[in-house]
Amino acid sequence: MTNQDPAAAQAGFDEAFRASVLEGLTGAVKTADPKHFYDAEGSRLFDRICTLPEYYPTRTETAILTRHASEMARAIETVMQRRGGPDGARDMALLELGAGSSVKVRRLLGAMPELRCYIPLDISADHLAASAALLEADHPGLEVRPVEGDFTGALNLPADLEDCPKALFFPGSTIGNFDPDAARDLLARMRALKGAGAFLIGIDLVKDADVLVRAYDDAQGVTAAFNRNLLKRFNAELGANFDLSSFDHESRWNAAESRVEMHLVSRKRQSVAIAGQRIEFEAGESIHTENSYKYSVEGFERLAKEAGWHPERHWSDPEDLFAVHLLA
Ligand code: AVI
């Protein structure tokens, strides 16, 4: 990756974004980093995806958390006590990775009236400030300590929170967007985090291929708009000239890799300008924009063990669509 391209800087392009996008589009297989989905418009579209009838993960995980919140809270406390004695549970903070607007954690907080500190960590400061104030209003006695940060890098927690016992919460099956090696690394980094004792994490389960494909290709076309929004960003922020209507959104189940893939498939042979370069597309050639890995309960437990965690137990829904695991 280049550090600074004076021409790009002059053109007003964000250098890191430009370098990442060009690296993806000029590889042997064209790819885009899924983290580029989430500009303001992409985040708005993702919120809509979470309410779609075909996109079962959000409502299923929320139902699991609602139904088993008390059991989960007691199990977390037991793990924390086992690790740190009575203080381990009494002084613990709940740290949520990628908290967004802290909707799902409300189910847990309701079952943890003794909890003194909740640390929502998110890249977006906007989300954090607004929801922190609301949470404190709804949970008197709970200190909410928002931290702006990216869980794929160093967490940079404030000094007074570095050593305290921590239960981690990572809902949404977001870890499914990492390939298994990167997912294992992330789990291992969390295992090594000072004070980390328990980890409650949502994981989407392997299921019927049709259900999976439709979850990423809904009838209203919201996921297609979410996918094409990448090209919109490239046009607006990197001076590209993608014709959005000449790329089809596709959702594919890759059984060998146990993942749903999202692609943008070029309808024709075409040449696109972007950030001073030209990218050539064959008809039918795709930009591979996202992977969403799906795990069996045993498969995820294996990964967690490889990362140094002990799978304590898990909760799922009656249809076995989704699982929430507690690791210790
Ligand atoms: C954020 N992540 C867990 C979503 C998923 O299901 O992989 C992203 C998403 N992409 C399309 N629909 C949802």
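When a ligand or atom number is given, it counts from 1 through the structure's own listing order.
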**Message:** Yes or no: does Gly172 have any heavy atom under 4.0 Å from an atom of ligand 1?
**Reply:** yes
**Prompt:** Quick check, are the ring centers of Phe247 and Phe281 under 6.0 angstrom apart?
**Reply:** yes
**Item:** With sequence neighbours excluded, residues passing ring-ring contact (aromatic ring centres under 6.0 Å, His included) with Phe199
**Value:** Trp309
**Message:** Looking only at distances, can you tell me whether any N or O atom of Tyr55, backbone or side chain, sits closer than 3.5 Å to an N or O atom of ligand 1?
**Reply:** yes
**Asked** Do Phe226 and Tyr216 have ring centres separated by under 6.0 Å?
**Response** no
**Prompt:** Would you say ligand 1 has an N or O under 3.5 Å from any N or O of Glu290?
**Reply:** yes
**Per-atom contacts, ligand 1 versus Phe46 - under 4.0 Å to a heavy atom** = 1 (C), 4 (C), 8 (C), 9 (C), 13 (C)
**Stacked cation flag Arg233 on Phe17, 6.0 angstrom / 45 deg** = yes
**Message:** For Tyr38, state whether at least one heavy atom is located under 4.0 Å from any atom of ligand 1.
**Reply:** yes
**Request:** Please indicate whether any nitrogen or oxygen in Lys294 is less than 3.5 Å from any nitrogen or oxygen in ligand 1.
**Result:** no
**Cation over ring face, Lys232 and Phe242, 6.0 Å, 45°** = no
**Message:** For ligand 1 and Ser292, I'd like to know whether there is a polar contact (N/O to N/O, distance under 3.5 Å).
**Reply:** yes
**Prompt:** Are Ile274 and Val21 side-chain neighbours, meaning at least one heavy-atom pair lies under 4.5 Å?
**Reply:** yes
**Close N or O approach (Asn177, ligand 1; < 3.5 Å)** = yes
**Within-shell test, Ser173 vs ligand 1, heavy atom, strictly < 4.0 Å** = yes
**Asked** With atoms numbered from 1 as shown, which atoms in ligand 1 lie under 4.0 angstrom from a non-hydrogen atom of Phe226?
**Response** 10 (N), 11 (C)
**Minimum-distance pair of heavy atoms, taken over all atoms of Ile64 and Asp317** = CD1-N, 3.7 Å
